[in-house]
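Both ligands and their constituent atoms are indexed starting at 1 by order of listing.
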Amino acid sequence: MSKQILVTGGTGYIGSHTVVELQKSGFEVVIADNLSNSKAEVVDSIKEITGIEPQFEKTDLSIKDQSDALFNKYKKIEAVIHFAAYKAVGESVERPLEYYNNNINSLINILSNMREHNITNMVFSSSCTVYGQPDKLPVTEKTPRKEAESPYGNTKAICEDIMRDFCKANTNIKCIALRYFNPIGAHESALIGELPVGVPNNLVPFITQTAAGIRKELSIFGDDYNTPDGTAIRDYINVTDLSRAHVVSIDRLIKNRNKNNYEYFNVGTGNGLSVMELVKTFIKVTGVKLPYKIVERREGDIEKIWADTSYANKELGWEATKTTEETLLSAWKWEKKIRSL
Ligand code: NAD
Ligand code: UD1
């Protein structure tokens, strides 16, 4: 009998790609999402890709009654992958209470339901934002965390601490936090991808929307950083590669291959790319015109970060496989599809 995985936030960007990879690996999926930042039609797109319709529950995990009802209804859940959260950094500065309430209460509700129903496996979406601007690069899992730059970042640090303490007190429960670097791209089918609301804050959606003619030009935030071309450096990870990291983490937990009952891993490519390098690669592989200008640095941005992925490679038996070229092409294919270009 296939094992049932609860995927919170499963109609969202990373969640939907992970549902596809879970189904491809033979897992049965229940999605719980309140649709605050995604659409129910994503369920149909997932079915179009895999031929299997995941079960879907419209649930707000930050509300205890709704979380209780979900766990009372589904009795076969073996593991939870918890994506559901608010994620806009700027908005979190303006509405900190909403961010703390949503991101932290959802985790607390889920963990308490897991304890109650004896569900022992959980994978959580954390972020490289917990490292701030590291003193030494690349960052390993031993790199110290720094004080969060935003309420959003702080919710990730607090959630990691909650899981660590919860696992210490409940030794039968196992949690893995995956610290994502910068997820980009879309499923190769272009049936699912990222759907930013309004003006995108993140680089790649802004690039594809500019290339599609929706935005006049891309602003490159700063060319006076201490990097080879002066623009900031990040580790851009393909969303399908990132999704596979969840499947192998679930496998590790279900098979009791974990070393501790709370573990955390860097999920990136191990390569740092500058904004300018990314822009030039996009232009090269798509052949599309991309107007851009250099502007001031964006407040709160760090200069450079990329991952040392050797611990994840060794322990999870996972590594990123997709090239930046194919990932940017997938993002462009998705943008063209949703704009009917
Ligand atoms: P997303 O907004 O596309 O997906 C999150 C989903 O969670 C959405 O479908 C939303 O409707 C749902 N949701 C939010 N609050 C909920 C609640 N209370 N109850 C039920 N559903 C709720 O975001 P994403 O990019 O797919 O991110 C997934 C996770 O990964 C988040 O936890 C995010 O913080 C984390 N993360 C994302 C990135 C990134 O760049 N995308 C980087 C690091 C970490
Ligand atoms: C942002 C979040 C971070 C989150 C991560 C992944 C901030 C401060 N941080 O990181 O918490 O974990 O997303 O979702 O928002 N850029 C431009 N022009 C643009 C947009 C971006 O030059 O129009 C540059 C940025 O300055 C940065 C790089 O592109 O150097 C990547 O930016 P972005 O995609 O927003 O991700 P991060 O800032 O790394």
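Here the protein heavy atom with the shortest distance to atom 33 (C) of ligand 1 is Tyr152 OH, 3.6 Å. Nearest non-hydrogen protein atom to atom 33 (P) of ligand 2 is Asn202 ND2, 3.4 Å. Looking only at heavy atoms of the protein, atom 3 (O) of ligand 1 is closest to Tyr13 N, 2.8 Å. In this structure, atom 17 (C) of ligand 1 lies nearest to the protein heavy atom Asn34 ND2, 3.3 Å. When only non-hydrogen protein atoms are considered, atom 15 (N) of ligand 1 lies nearest to Asn102 ND2, 3.0 Å. Taking atom 37 (C) of ligand 1 as the reference point, the nearest protein heavy-atom neighbour is Ile14 CD1, 3.8 Å. For atom 24 (P) of ligand 1, the closest heavy atom belonging to the protein is Lys87 NZ, 3.7 Å. Ranking protein heavy atoms by distance to atom 5 (C) of ligand 1, first place goes to Ala85 O, 4.0 Å. In terms of protein heavy-atom proximity, atom 12 (C) of ligand 1 is nearest to Asp33 OD1, 3.3 Å.
For ligand 2, the atoms closer than 4.0 angstrom to any heavy atom of Val275 are 22 (O), 24 (C), 28 (C), 29 (O), 30 (O). Taking every heavy atom of Ala232 and a limit of under 4.0 angstrom, the matching atoms of ligand 2 come to 30 (O). Each of the atoms 8 (C), 25 (C), 26 (O), 38 (O) of ligand 2 lies under 4.0 Å from some heavy atom of Asp301. Counting atoms of ligand 1 from 1 in the listed order, those under 4.0 Å from a heavy atom of Asp60 are 17 (C), 18 (N), 19 (N). Taking a cut-off of under 4.0 Å to the non-hydrogen atoms of Arg298, the atoms of ligand 2 that pass are 15 (O), 25 (C), 32 (O), 33 (P), 35 (O), 38 (O). Within ligand 2, the atoms closer than 4.0 Å to a non-hydrogen atom of Ile220 are 22 (O), numbered from 1 in the order shown. Close contacts of ligand 1 with Ser127, meaning ligand atoms under 4.0 Å from a residue heavy atom, involve 43 (C), 44 (C). Of all atoms in ligand 2, numbered sequentially from 1 with element shown, those under 4.0 Å from a heavy atom of Thr129 are 11 (O). Those atoms of ligand 1 that come under 4.0 Å of a heavy atom in Thr59, given as number and element, are 19 (N), 20 (C). When each atom of ligand 2 is checked for a heavy atom of Asn182 under 4.0 Å away, the hits are 36 (O), 37 (P), 39 (O). Of all atoms in ligand 1, numbered sequentially from 1 with element shown, those under 4.0 Å from a heavy atom of Ser126 are 43 (C), 44 (C). Proximity to Ser219 (heavy-atom distance under 4.0 Å) selects the following atoms of ligand 2: 17 (C), 18 (N), 19 (C), 22 (O), 23 (O).
In this structure, the side chain of Arg252 engages the main chain of Glu315 through a donor-acceptor pair within 3.5 Å. A donor-acceptor pair is defined here as one N or O able to donate and one able to accept, closer than 3.5 Å; such a pair exists between the side chain of Gln133 and the backbone of Glu303. Proximity of a side-chain donor or acceptor of Thr227 to a complementary backbone N or O of Ala232 within less than 3.5 Å is not detected.
Of the listed options Asn109, Leu61, Val7, Leu61 places a heavy atom closest to atom 19 (N) of ligand 1. The nearest non-hydrogen atom to atom 6 (C) of ligand 2, considering only Pro183, Gly300, Ala148, Cys128, comes from Pro183.
Residue His82 has no nitrogen or oxygen atom sitting less than 3.5 Å from a nitrogen or oxygen atom of ligand 1, judged on distance alone. Below 3.5 Å of separation, one finds no N or O of Tyr180 facing any N or O of ligand 1. At least one N or O atom of Lys156, backbone or side chain, sits closer than 3.5 Å to an N or O atom of ligand 1. For the pair Phe83 and ligand 1, the shortest N or O to N or O distance falls below 3.5 Å. The N/O atoms of Phe181, backbone and side chain alike, include none that comes under 3.5 Å of an N/O atom in ligand 1.
Classified by interplanar angle (parallel below 30°, tilted 30° to 60°, perpendicular above 60°), the ring pair Tyr13/His17 is perpendicular.
No hydrogens or angles considered: nothing links the side chains of Asp235 and Tyr180 as a donor-acceptor pair under 3.5 Å. If you check the side chains of Glu21 and Ser243, you find no donor sitting under 3.5 Å from an acceptor. In this model, no donor atom of one side chain and acceptor atom of the other lie less than 3.5 Å apart for Thr309 and Asn266. Between the side chains of Asp33 and Thr11, a donor-acceptor pair is found at a separation under 3.5 Å. One side chain, Tyr131 or Arg179, offers a donor N or O that lies under 3.5 Å from an acceptor on the other. Of the N and O atoms on the side chains of Asn256 and Lys174, at least one donor lies less than 3.5 Å from an acceptor on the other residue.
The hydrophobic cluster containing Val89, built from Ile/Leu/Val/Met/Phe/Trp/Tyr side-chain heavy atoms closer than 4.5 Å, also comprises Tyr86, Tyr99, Tyr152.
The residue Asn202 has no part lying near ligand 1, judged by heavy-atom distances below 4.0 Å. With a heavy-atom cut-off of 4.0 Å, Leu35 touches ligand 1 through its backbone alone. For Val204, no heavy-atom contact with ligand 2 is shorter than 4.0 Å. At a heavy-atom cutoff of 4.0 Å, ligand 1 is contacted by both the backbone and the side chain of Ser36. In Tyr236, the part holding a heavy atom less than 4.0 Å from any atom of ligand 2 is the side chain.
At least one heavy atom of Tyr152 sits closer than 4.0 Å to an atom of ligand 2. Not a single heavy atom of Tyr225 sits under 4.0 Å from any atom of ligand 2.
Note: Phe56 CZ to Leu35 CG = 4.0 Å, rounded to the nearest 0.5 Å.
A cation-pi geometry, defined here as NZ or CZ lying under 6.0 Å from the six-membered ring centre and within 45° of its normal, does not hold between Arg234 and Phe181.
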